[in-house]
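Worksheet for the structure shown next.
Letters go in sequence order (proteins before strands), and every chain restarts at 1.
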Amino acid sequence: MPELPEVETTKRGISPHIINRRVEEIIVRQKKLRWEVPNNLSRDLVGKIIFTVTRRGKYLLLASDKGTLIIHLGMSGSLRIVNKDLIAEKHDHVDVVLENGKALRFTDPRRFGCVLWEASDIDSHPLLNNLGPEPLNDEFASDYLFKASRGRSIAIKAFIMNSKIVVGVGNIYANEALFLAGINPKRPAGKISKTQYDKLVPSIKRILKEAIAVGGTTLRDFTNSSGEPGYFKQSLNVYGRGGENCIRCSNELKEIRLGQRSTVYCTRCQN
DNA sequence: ACTTCGACCTGTTGGC
DNA sequence: TGCCAACAGGTCGAAG
């Protein structure tokens, strides 16, 4: 479900309900997620106030003065604000119950997501300390990406989906950004010119900003924390359109697998 | 150091 | 209608 725009949409939805709220209880119904939910979570977080909610890449960070809750939504995860006594369903794995009668509920059918706890320095957490820049920050610029790509033979699509290079670009938006920039997803990253990176970087920024502005992309089941879908699906030019016609040149869009991920592009517009 | 690929899970979809 | 393989928004870590 979630790439950066969906995680950002989630963050914006849940923040007003949990900032400056005290945690009353942690309920873990299923601790076997991508990594086990740590046992000391309740001991450390109950009674504490969550004072900020931030996003780093696709990680959501809920900070208290005793440590930080780290949440990743994986492939199928979501977070909602519910009344704390709402009956939990099959894949509702963790509740952070707040003192106002609400709970932050983590749901994840495939359990590729995680709920972790970092009691000390969040920036040195192994999942976070090697991440590349945020794509919407100025630090993510074409000369950075150009330099980082020199000598790399990996396909450009896999390159921009590598979180050590830049965070938050998942399969949907990688396909879309490469279409906008007119770059073939299979091209080796190291053989792409500075001029093309000058197109690619703004394309990535644009696609992410536009998706955030309309609440992300709903393919099957993504909803924001109030249960509403995102509307970016209407703006997808290539993702999910293999075999259909290119919106620019009417050529039939080609669908291939690249690094085990479905990849759609126009052989005429993307070189 | 880099690239590729299996692994982790459940649910849905499409072909026969 | 039923069955089964393939695939789905991620990403770590092992192997080459």
Side-chain angles (χ1 to χ4, degrees), chain A residues 1-11 29-37 55-60 70-79 89-94 106-116 125-132 135 147-177 185-191 204 207-208 211-212 214-224 229-236 238-243 255-264:
Chain A
M1 169 201 323
E3 295 190 34
L4 186 148
E6 292 74 38
V7 178
E8 180 65 23
T9 297
T10 298
K11 187 197 97 173
R29 302 183 189 84
Q30 167 62 276
K31 63 180 177 182
K32 293 192 176 187
L33 304 179
R34 175 77 197 262
W35 292 282
E36 269 204 11
V37 180
R55 179 187 59 70
R56 177 72 176 101
K58 297 173 191 165
Y59 292 93
L60 285 171
I70 303 170
I71 301 175
H72 194 291
L73 301 178
M75 202 83 136
S76 57
S78 61
L79 287 169
E89 297 191 37
K90 190 174 178 186
H91 302 295
D92 295 341
H93 305 313
V94 179
F106 175 85
T107 306
D108 186 5
R110 291 178 75 180
R111 289 190 270 131
F112 289 175
C114 64
V115 177
L116 295 172
H125 192 281
L127 290 174
L128 303 173
N129 68 359
N130 280 320
L131 293 178
K147 281 177 191 155
S149 68
R150 291 309 90 180
R152 303 288 297 263
S153 61
I154 193 170
I156 183 62
K157 177 161 174 272
F159 184 67
I160 61 174
M161 289 176 70
N162 178 348
S163 63
K164 289 181 179 160
I165 301 301
V166 58
V167 296
V169 182
N171 198 37
I172 298 177
Y173 302 111
N175 276 295
E176 294 300 317
K186 292 190 292 189
R187 291 264 309 281
K191 296 201 169 161
I204 292 171
I207 216 82
L208 294 175
I212 290 169
V214 296
T217 300
T218 295
L219 292 179
R220 45 182 61 132
D221 58 1
F222 173 75
T223 59
N224 66 20
Y231 292 100
F232 197 71
K233 185 175 194 303
Q234 299 157 13
S235 308
L236 296 177
V238 287
Y239 184 85
R241 296 193 61 241
E255 180 153 7
I256 60 170
R257 295 198 68 81
L258 205 162
Q260 308 143 287
R261 309 305 297 275
S262 119
T263 301
V264 186

Closest to side chain of [X], choosing from [options]:
X: A:Phe112; options: C:dC12, B:dC8, C:dA8; result: B:dC8
X: A:Arg34; options: C:dA8, B:dT3, C:dT11; result: C:dT11
X: A:Met75; options: C:dG10, B:dC5, B:dG11; result: C:dG10
X: A:Pro109; options: B:dG11, C:dC12, C:dG10; result: B:dG11

Taking 4.0 Å as the cut-off, does a side-chain nitrogen or oxygen of [X] come that near to OP1 or OP2 on [N]?
X: A:Arg110; N: C:dA8; value: no
X: A:Ser262; N: C:dA8; value: yes
X: A:Lys90; N: B:dG11; value: yes
X: A:His91; N: B:dG11; value: yes
X: A:Ser153; N: B:dT3; value: yes
X: A:His72; N: C:dT11; value: yes

Counting any heavy atom closer than 4.0 Å, what does [X] reach on the DNA or RNA strands: base, sugar-phosphate only, or nothing?
X: A:Lys58; result: sugar-phosphate
X: A:Lys233; result: nothing
X: A:Tyr59; result: sugar-phosphate
X: A:Arg152; result: sugar-phosphate
X: A:Phe159; result: nothing
X: A:Arg111; result: sugar-phosphate

*Short question: side chain of A:Arg257, backbone of A:Gln260 - any donor-acceptor pair under 3.5 Å?*
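Flag set: sc A:Arg257 to bb A:Gln260 pair under 3.5 Å.
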_Is it the case that the side chain of A:Arg150 and the backbone of A:Gly190 share a donor-acceptor pair, with hydrogens and angles ignored and the cut-off at 3.5 Å?_
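Yes: the side chain of A:Arg150 pairs with the backbone of A:Gly190.
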*May I ask you to check whether A:Phe232 and A:Tyr173 place their ring centres under 6.0 Å from each other?*
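Ring centroids of A:Tyr173 and A:Phe232 are less than 6.0 Å from each other.
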Measure from [atom1] on [X] to [atom2] on [N] and round the result to the nearest Å.
X: A:Tyr239; N: C:dA8; atom1: OH; atom2: P; result: 6 Å
X: A:Leu60; N: C:dG9; atom1: CG; atom2: P; result: 20 Å
X: A:Ile70; N: C:dC12; atom1: CD1; atom2: P; result: 12 Å
X: A:Leu127; N: C:dC12; atom1: CG; atom2: C1'; result: 9 Å
X: A:Phe232; N: C:dG9; atom1: CZ; atom2: P; result: 15 Å
X: A:His93; N: B:dC8; atom1: NE2; atom2: C1'; result: 13 Å
X: A:Leu208; N: C:dG9; atom1: CG; atom2: P; result: 16 Å
X: A:Ile154; N: B:dT4; atom1: CD1; atom2: C1'; result: 9 Å

_Separation between the P atoms of C:dC7 and B:dG6, rounded to whole Å_ =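 The answer is 13 Å between these two P atoms.
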*If we take the P atom in both B:dT12 and C:dT11, what is their distance in whole Å?*
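It comes out at 23 Å once rounded to the nearest Å.
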*Look at the aromatic rings of A:His93 and A:Phe106 and report parallel, tilted or perpendicular, splitting at 30° and 60°.*
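The rings of A:His93 and A:Phe106 sit tilted, inter-plane angle from 30° to 60°.
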*Base partner of B:dT4, which must satisfy Watson-Crick or wobble distances under 3.5 Å*: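 Its partner is C:dA14 (Watson-Crick or G-U wobble, both distances under 3.5 Å).
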_Any-strand Watson-Crick or G-U partner of C:dG9, both distances under 3.5 Å_ =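 None - no nucleotide pairs with C:dG9, as no candidate has both distances under 3.5 Å.
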*Which residue, A:Lys164 or A:Gln260, contacts DNA chain C at a nucleotide closer to its 5' end, judged by nearest heavy atom?*
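Residue closer to the 5' terminus by nearest nucleotide: A:Gln260.
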*asked:* Let's test your reading of the model: under 3.5 Å, does the base of C:dG10 pair with the side chain of A:Glu3 as donor and acceptor?
replied: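 Result: no qualifying N/O pair found.
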*asked:* Check this for me: A:Lys233, atom NZ, are more than 12 non-hydrogen atoms of other residues, nucleotides or ligands nearer than 6.0 Å?
replied: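 No, because the 6.0 Å sphere around NZ of A:Lys233 holds 12 heavy atoms or fewer from other groups.
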_A:Lys186/A:Thr263 under side chain to side chain contact (heavy atoms under 4.5 Å, CB included): CA gap, chis, key distance, verdict_ = CA-CA 9 Å; A:Lys186 292 190 292 189; A:Thr263 301; over 6 Å; no
*Please check if any side-chain donor atom of A:Glu255 sits under 3.5 Å from a side-chain acceptor atom of A:Ser262, or the reverse.*
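Side-chain D/A pair, A:Glu255 to A:Ser262: present.
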